[in-house]
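Residues: numbered from 1 along the sequence shown. These values consider heavy atoms only, across backbone and side chains, with no hydrogens, waters or symmetry-generated copies.
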Amino acid sequence: MTYALPRLREEVAYIAYHFHWQRAEILDLTHAERRQWVGEIARINARMNEGG
């Protein structure tokens, strides 16, 4: 099974933007690891937007 390229780019851009990781580092992560980091960034952003 392949992973949709637009979705992969979106995940890489999101993680790179927020954590300033290099593309190669992000692509070395498994799909599950990338999804976990995307979720964690989203939680951090939500807390910050709520003032916490």
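For the atom pair CE of Met48 and CD1 of Ile44, the computed distance is 8.5 Å after rounding to the nearest 0.5 Å.
Residues meeting the ring pair (Phe, Tyr, Trp, His ring centres under 6.0 Å) test with Phe19, sequence neighbours left out: Trp21, Trp37. Take His31 and apply the side chain to side chain contact (heavy atoms under 4.5 Å, CB included) test, not counting sequence neighbours, and it matches Tyr3, Glu11, Arg34, Arg35. Every residue two or more places apart in sequence or in another chain that forms a side-chain hydrogen bond (donor to acceptor under 3.5 Å, both in side chains) with Glu40 is listed here: Arg43.
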Quiz: residues 23-30 side-chain donor-acceptor pairs under 3.5 angstrom, not counting sequence neighbours:
{"unit_1": "Glu25", "atom_1": "OE1", "unit_2": "Gln22", "atom_2": "N", "d": "2.8"}
{"unit_1": "Thr30", "atom_1": "OG1", "unit_2": "Glu33", "atom_2": "N", "d": "3.1"}
{"unit_1": "Thr30", "atom_1": "OG1", "unit_2": "Glu33", "atom_2": "OE1", "d": "3.4"}

